[in-house]
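These numbers come from a predicted model, not from an experiment. Just so you know, ligand 1 is whichever comes first in the structure, and atom 1 is the first atom listed for that ligand. Atoms considered below: every heavy atom in the structure, side chains included; atoms not considered: hydrogens, waters and symmetry mates.
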Amino acid sequence: MRKERVWARLLGLERAVVESVEIDDKRQVVVAVRPHHRERDRCGVCGRRCPGFDLGEGRRRWRALDLGTTITHLEADAPRVRCPEHGVVVCAVPWARHGSRFTRAFEEQVAWLAVNTSKSAVAELMRIAWRSVGAICERVAQEAGREADLLAGLRRIGIDEISHRKGHRYLTVVVDHDTGRLIWAAPGRDKATVGAFFDALGEKRTRQLKLVSCDMAGWIEAVLADRCPKAKRCVDPFHVIQLATEALDKVRREVWNEARRQGQGDVAAGLKGARYALWKNPEDLTERQQAKLADIERLNRPLYRAYLLKEQLRQIYRLPARAAILLLDEWLQWARRCRLGPFVKLARTIVEQWDGIVAAIRYGLSNARVEAINTQIRLIARRAFGFHSPEALISLAMLKLGGLCPPLPGRVTVT
Ligand SMILES: [Zn+2]
């Protein structure tokens with residue numbers, strides 16, 4: 001094998017020729033390369049062969065994977081072509097994505113590490129800033145997304161919103177209930193954002209949707225009615241129970257404030273720390289929390305009633321559909337006359353959302369997967385702190401939860 005071929009193999013180079021290898025004054029390896037003849041004069045954006053324009057800004061370098069312990073760069077001319085569609089652009093090169101200072105193999109390794117290891121491990125091992133990791137994830141996820149077509153064959157999806165960062169910044173995310181994959185996400189939570197999802201999906205695929213789960217937000221409901229009227233809207237059980245938990249919390253605060261106003265210090269003190277006992281699922285309570293709950297039952301009937309209302313609503317989702325719908329109906333009768341403002345209000349909401357809530361029960365749409373994904377997105381959002389944009393966060397999420405993460409470079413034989 002000729003020496004140049006050995007170098008090309010070591011660098012994982014394809015469709016390119018190694019011209020020379022040197023060590024520069026910073027003791028880094030610099031490999032001069034050029035694309036194969038038929039890879040030249042292609043538009044960096046679309047890859048179309050175009051007439052040459054000029055030599056651009058001369059020689060350029062791309063960071064490649066280290067050779068052993070040594071930082072390595074590829075170096076080549078970066079001439080420009082005039083594309084009929086994209087105007088004057090720098091030529092495509094087979095070893096790097098357009099606009100990147102890194103080689104494909106380098107970027108794929110970074111993406112893989114970003115998905116599979118800690119933040120500091122990626123930055124330190126690859127010797128790049130965390131910020132650059134975000135930009136790399138974006139390029140890799142974008143390309144993989146174009147090839148994978150995550151929007152094919154969808155039947156049952158969940159649409160949800162997730163806040164990332166303080167200051168109420170939101171993402172709208174779409175999950176496939178059948179594969180448990182994150183299939184789409186975008187910054188924002190409004191009609192336009194949900195509309196953008198249906199634009200991406202297209203009319204034909206939208207017509208194939210059977211079930212769409214979501215919370216009770218009017219903006220999602222409005223877009224569904226408009227763009228996807230044939231699919232059944234299912235109200236996520238999780239969001240119903242969440243409303244009950246919030247109602248319970250309101251009752252708790254009202255009772256506590258009332259006790260303090262009336263100078264019942266001991267009642268107020270008894271309620272302190274009751275929050276967790278009331279919140280937790282009864283089967284997860286510690287002994288102390290069980291005692292706390294017994295105190296509430298004894299000392300504070302309204303609050304205990306609120307607790308039972310929340311628990312019974314939760315119970316509904318554990319029953320077979322027919323029994324669940326009957327119990328939900330009974331629950332409504334009870335909540336309407338329970339004389340607890342927040343629960344009377346919740347009863348009204350449930351009546352308004354009846355069709356969607358019953359559909360979720362009837363079709364047994366489990367939101368366990370959506371919740372699991374939401375939890376993971378929140379973790380990713382925390383990790384993505386330091387990325388320059390929500391798009392970078394979305395890219396990392398798509399790599400990890402959308403199945404877009406590339407294999408490590410050189411591990412899959414290219415045929
Ligand atoms: Zn082009």
message: Could you check whether Arg189 makes a cation-pi contact with Tyr170, meaning its NZ or CZ is under 6.0 Å from the centre of the six-membered ring and within 45° of the ring axis?
response: yes
- prompt: Cation-pi between Arg260 and Trp256: NZ/CZ under 6.0 Å from ring centre and within 45° of the ring axis?
  reply: yes
- prompt: Are Arg60 and Glu75 within salt-bridge range, i.e. N to O under 4.0 Å?
  reply: no
Below 3.5 Å, can you tabulate the donor-acceptor pairs from side chains in residues 349-358 to any protein atom, sequence neighbours excluded?
unit_1: Thr349; atom_1: OG1; unit_2: Lys345; atom_2: O; d: 3.1
unit_1: Gln353; atom_1: OE1; unit_2: Arg233; atom_2: NH1; d: 3.4
unit_1: Gln353; atom_1: OE1; unit_2: Arg233; atom_2: NH2; d: 2.6

task: Not counting sequence neighbours, which residues clear side-chain hydrogen bond (donor to acceptor under 3.5 Å, both in side chains) with Thr286? List them please.
output: Gln289
- prompt: Under the salt bridge (charged side-chain N to carboxylate O under 4.0 Å, His left out) rule, what pairs show up with a residue in residues 111-136, not counting sequence neighbours?
  reply: Asp66-Arg127
Environment of the Zn ion (ligand 1) in terms of protein N/O/S atoms, cut-off under 2.8 Å: Cys43 SG, Cys46 SG, Cys83 SG, His86 ND1
